[in-house]
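Note that ligands are numbered from 1 as they come in the structure, with each ligand's atoms numbered from 1 the same way.
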Amino acid sequence: SQLENDLRRAIDRQEFQLFYQPIVSLDTQNLVGLEALVRWHHPERGLILPSEFVPMAEEAGLIIPLGGWVLAQACRQMQLWQQHYSLATDLQLNVNISSRQFSQPNFVNDIHAVLEDTNLPCHRLKLEITEGVLMDHASDVADKLDAIKTLGIKLGIDDFGTGYSSLNYLNAFPVDTLKIDRSFVGRMSSEEGFEIVRTIVNLAHNLHMDVVAEGVELEEQAEELTQMNCEYAQGYLFSEPTDTVGMEDFLLNYC
Ligand code: G
Ligand code: G
Ligand code: MN
Ligand code: NA
């Protein structure tokens, strides 16, 4: 398609941009990390969101170079911010990884090389993968996850609850964090929705994982999540995803 051709050229033409969204501690309200979210500025169509082009980039294999660009760009930006704002705590950098990226034979080495190039310590990076990656029957999934763990890179499961994880898989792999999908957080005002969120938080804690609630928009949700001992939250209540300039304003309030 035309859009796929455009996508093919978009990296060289520098049409991609990263937005960042804060992740905060519910207990202290402190900023603990940032999730990098890619945007495409199409020369004719304007801003295109990843829901429109990431699936296409996966299909065409273009997610490999695009994912490499995202990771390097986000690591560099993180280092600049950490130095410039002399932040008291080391912020975590969350980067989304598609299953096609993960299944590359050199996936772990390539990630490690970017971390070495940019000097971002391994423990500062958290890879957000989806449940589908864990459920992939490829024989090297466990080895890759172990190699990531050995390097000290963190792992989070994105959109948790929307996939088809077997709890056995979840327990077998070295996962640090569950991110509760925002569709569940959005239904917390109903009794069933509330119980589903509480059940996921308890599940994570029983498996020694911490929890990020996504899509937190209301003070009431933040309060209920805090009472459930959910550690972290992300959503419009704290900040929308913003470009680097907007993020710098946000960071100033934390210095
Ligand atoms: O903010 P938003 O519309 O951008 O994000 C929509 C979805 O796109 C998210 O679920 C996220 O997982 C995915 N996404 C955003 N940035 C990236 C990226 O750099 N790589 C991959 N693989 N997915 C991304
Ligand atoms: O699937 P992934 O969680 O990585 O995608 C994040 C997506 O969710 C982005 O598209 C982002 O713009 C969107 N998002 C982030 N915070 C909120 C929120 O509080 N409410 C809603 N409705 N969407 C959000
Ligand atoms: Mn994500
Ligand atoms: Na998500």
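Every atom of ligand 2 is numbered from 1 in the order shown, and the set under 4.0 Å from a heavy atom of G235 is 16 (N), 19 (O). Annotation for ligand 1: atoms under 4.0 Å from non-hydrogen atoms of S98 are 22 (N). The ligand atoms of ligand 2 that sit less than 4.0 angstrom from a heavy atom of N96 are 4 (O). Close approach of ligand 2 to Q21 (heavy-atom distance below 4.0 Å) involves ligand atoms 15 (C), 16 (N). Against a heavy-atom cut-off of under 4.0 Å, D158 is close to the following atoms of ligand 1: 12 (O). Listed by number with element, the atoms of ligand 2 under 4.0 angstrom from any heavy atom of E214 are 3 (O). Residue V216 has at least one heavy-atom neighbour below 4.0 Å for each of these atoms of ligand 2: 19 (O).
In this structure, the ring of F250 has its center no less than 6.0 angstrom from the ring center of W81. Aromatic ring centroids of F53 and F16 lie under 6.0 Å apart.
D158 contributes atom OD2 as its closest N/O/S atom to the Mn ion (ligand 3). Note on E128: its N/O/S atom closest to the Mn ion (ligand 3) is OE1. As for E35, its N/O/S atom nearest the Mn ion (ligand 3) is the one called OE2.
In this structure, the side chains of D243 and Q17 come closer than 4.5 Å at one or more pairs of heavy atoms. Residues W40 and L3 are in side-chain contact: their nearest non-hydrogen atoms beyond the backbone lie under 4.5 Å apart. Contact of the D159 side chain with the R182 side chain is not registered, since no non-hydrogen atoms from C-beta on lie closer than 4.5 Å.
At least one N/O-N/O distance between R182 and ligand 2 falls below 3.5 Å. For D159, no nitrogen or oxygen atom sits less than 3.5 Å from a nitrogen or oxygen atom of ligand 1, counting backbone and side chain alike. For the pair I97 and ligand 1, the shortest N or O to N or O distance does not fall below 3.5 Å. Checking only distances, E35 never comes within under 3.5 Å of ligand 1, N or O to N or O.
Comparing heavy-atom distances from atom 20 (N) of ligand 2 across E217, Q234, Q221 singles out E217 as nearest. Closest heavy-atom approach to atom 12 (O) of ligand 2 among the candidates A36, S239, P241: P241.
Among the atoms of D159, none of the N, O or S atoms falls under 2.8 Å from the Mn ion (ligand 3). Taking 2.8 Å as the threshold, N96 counts as a candidate ligand of the Mn ion (ligand 3), since one of its N, O or S atoms lies below it.
L125 and V133 fall within the same hydrophobic cluster, where Ile, Leu, Val, Met, Phe, Trp and Tyr residues are linked whenever their side-chain heavy atoms come under 4.5 Å apart, directly or through other members.
The environment of D117 atom CG is dense: over 12 non-hydrogen atoms of other residues, nucleotides or ligands sit within 6.0 angstrom. In the displayed structure, E4 atom CD is contacted under 6.0 Å by more than 12 heavy atoms of other residues, nucleotides or ligands. Remark: H123 NE2 is packed, more than 12 non-hydrogen atoms of other residues, nucleotides or ligands lying under 6.0 Å away.
Tested against E35, the residues Q92, Q234, K126 include a single side chain to side chain donor-acceptor pair (under 3.5 Å) partner, Q234.
Contact annotation: for L37 versus ligand 1, heavy atoms closer than 4.0 Å belong to both the backbone and the side chain.
To the nearest 0.5 Å, atom CD1 of residue I111 and atom SG of residue C75 are 8.5 Å apart. The structure places OG1 of T199 at 8.5 Å from CG of L203, a figure rounded to the nearest 0.5 Å.
Contact between R39 and ligand 1 is present, with at least one heavy atom of the residue lying under 4.0 Å from the ligand.
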